[in-house]
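The block underneath contains the structure these notes are about, expressed in structure tokens.
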Amino acid sequence: MVNFDTPSSSRDAALLPDTGEPGFGVYVHWPFCAAKCPYCDFNSHVRHQPVDQERFTAAFLKEMAAVRAISGPKTVTSIFLGGGTPSLMKPETVSAILDGIARHWHVPDGIEITMEANPSSVEAERFRGYRAAGVNRVSLGVQALNDRDLKFLGRLHDVADALKAIRLARDIFPRMSFDLIYARPDQTIGEWEKELKEAISYAVDHLSLYQLTIEEGTPFYGLHKAGKLIVPDGEQSALLYEATQEITAREGMPAYEVSNHARPGAESRHNLTYWRYGDYAGIGPGAHGRLTRGPEKLATATERKPETWLDMVERDGHGILDEERLGFEEQSDELLLMGLRLREGVDLARWQQLSGRDLDPKREEFLLEHKFIERIGNSRLRCTPSGMLILDSVVADLAC
């Protein structure tokens, strides 16, 4: 087994400091859930028969070898076990996956290793097993702190389960985060402010706060289209967003990304790799990757259906369906799209090197005048809070 940090209830256990570099992450997708939430369009699947975890583990390890052949030798700066519901995995499965990553790439002691978990599948013994396997950060899908809205969101846990999971996570893991969804039907600003302050009182160092979005193909989409599900309009959503920024900043957990808030130094290293446009290996059904090969970046995507992916890996050694070679222009667009989500903004020199040009001065001046963007010295560009509300439009303007 890889030598990771020993368990500790200390909130400042020794993880390697953030260097500010994009890094190289490994993402492993566990696609199974106990139930499918009505708002979720992630690649998650419910199976009423037990999943053959040993067979899937062998396939994860086999696909790792294929991706390692593409990436070449790398030093891993973060690992993320996402889903689906990774906390449905046995600790032995998690241990085997982490050991496999360490065999294929260099994994230094003290890197961030995150696992997503749902409160309904949390057990103290299993949490301790994940910690012993090497997980040092857990991200809990709490989503709401009242039972009415948890039921509306299709969650299998209640508030009591959520608080129990938060307490266990705080006791067992050095780092802990949890998610909340806001802009729910009929949610007032006052109700959200009260719920958010309660959440901050439970949080250790990180919160992910997402507005409810209606995604095509979900049960909520059909209800919304039929007029049976009404969500806050654009103006109300903006007010809820602004209240979120104000409260979290005041409580010492400012936004470092559009939807993510942390105490200084507790930002998610793995997600920073995405937003800083670093490389990452995607392993498992429906996983995506970005791997630099010379002047190009290779975008990979695997088969989404778990059983089909499993058959492909066992037959071909991997489940990769798509390999797209991204040239400099495409990379520069993705760098803007990801980097402008961050409070630290985009490294302009890196963008100019990829795009081969400067920003359009007229477009930049317009956005500066309207206070949608701002310069950080001469080297970086970022969105203002107002710009974050129209982020897609800002990116589209600058990318032209």
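Every value quoted in this text rests on a predicted model; they were computed, and no experiment measured them.
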Would you call the rings of Y274 and H270 parallel, tilted or perpendicular, taking 30° and 60° as the class edges? perpendicular
Please assess W30 against T93 for the test side-chain hydrogen bond (donor to acceptor under 3.5 Å, both in side chains), listing each intermediate value before the final yes or no. CA-CA 11 Å; W30 183 258; T93 301; over 6 Å; no
For the ring pair Y241 and W192, is the centre-to-centre distance below 6.0 Å? no
So, do Q143 and D179 sit near enough that their side-chain heavy atoms are less than 4.5 Å apart? yes
Going by the salt bridge (charged side-chain N to carboxylate O under 4.0 Å, His left out) test, which pairs reach into residues 43-60, not counting sequence neighbours? R47-E307, E54-K90, R55-D311, R55-E314
In Å and rounded to the nearest 0.5 Å, what is the OG1 to CD distance from T213 to E216? 12.5 Å
Using 30° and 60° as the class boundaries, would you call the ring planes of F32 and F56 parallel, tilted or perpendicular? perpendicular
Within the 6.0 Å centroid threshold, strictly below: Y39 and F152: no
Treat each ILVMFWY residue as a node, draw an edge where side-chain heavy atoms are under 4.5 Å apart, and state whether V142 and L240 are in one component. yes
Assess whether salt bridge (Lys or Arg N to Asp or Glu O under 4.0 Å) is satisfied between R148 and D186, documenting all intermediate values. CA-CA 12 Å; R148 179 200 65 194; D186 301 320; over 6 Å; no
As a test of understanding, state which of F178, Y256, F173 forms a ring-ring contact (aromatic ring centres under 6.0 Å, His included) with H206. Y256
Before giving the answer on side chain to side chain contact (heavy atoms under 4.5 Å, CB included), spell out for R155 and D149 the whole-Å C-alpha distance, their side-chain angles and the decisive distance to 0.1 Å. CA-CA 9 Å; R155 306 301 287 167; D149 284 352; over 6 Å; no
List the steps, then state whether salt bridge (Lys or Arg N to Asp or Glu O under 4.0 Å) holds for R250 with E246. CA-CA 6 Å; R250 188 170 66 237; E246 180 184 336; 3.4 Å; yes
As a quick check of understanding, evaluate salt bridge (Lys or Arg N to Asp or Glu O under 4.0 Å) for K197 and E251, giving each step before the final call. CA-CA 8 Å; K197 289 174 184 176; E251 297 295 329; over 6 Å; no
The test is side chain to side chain contact (heavy atoms under 4.5 Å, CB included); show your working for F127 and V138 and say whether it passes. CA-CA 9 Å; F127 260 20; V138 69; 4.1 Å; yes
Minimum heavy-atom separation for G282 and E63, please, with both atom names. O-OE1, 4.2 Å
Under the side chain to side chain contact (heavy atoms under 4.5 Å, CB included) test against W275, which residue among L340, V258, L337, N260 passes? N260
Take W105 and V67, measure what side chain to side chain contact (heavy atoms under 4.5 Å, CB included) needs, and give me the verdict at the end. CA-CA 11 Å; W105 296 281; V67 175; 4.2 Å; yes
So R103 and L61, side chain to side chain contact (heavy atoms under 4.5 Å, CB included) or not? Walk me through it. CA-CA 10 Å; R103 285 196 300 273; L61 300 179; 3.8 Å; yes
R269 vs D18, test: salt bridge (Lys or Arg N to Asp or Glu O under 4.0 Å). Steps then yes/no. CA-CA 7 Å; R269 311 287 170 75; D18 176 25; 5.2 Å; no
Closest approach of Q187 and E195, non-hydrogen atoms and distance? NE2-OE1, 3.7 Å
Stepwise, does the side-chain hydrogen bond (donor to acceptor under 3.5 Å, both in side chains) test hold for E112 with N136? CA-CA 6 Å; E112 177 191 274; N136 54 26; over 6 Å; no
Starting at CD of E364, measure out to CG of L359 and round the result to the nearest 0.5 Å. 5.0 Å
Separation between CD (E334) and CD (E330), nearest 0.5 Å, reads 7.5 Å
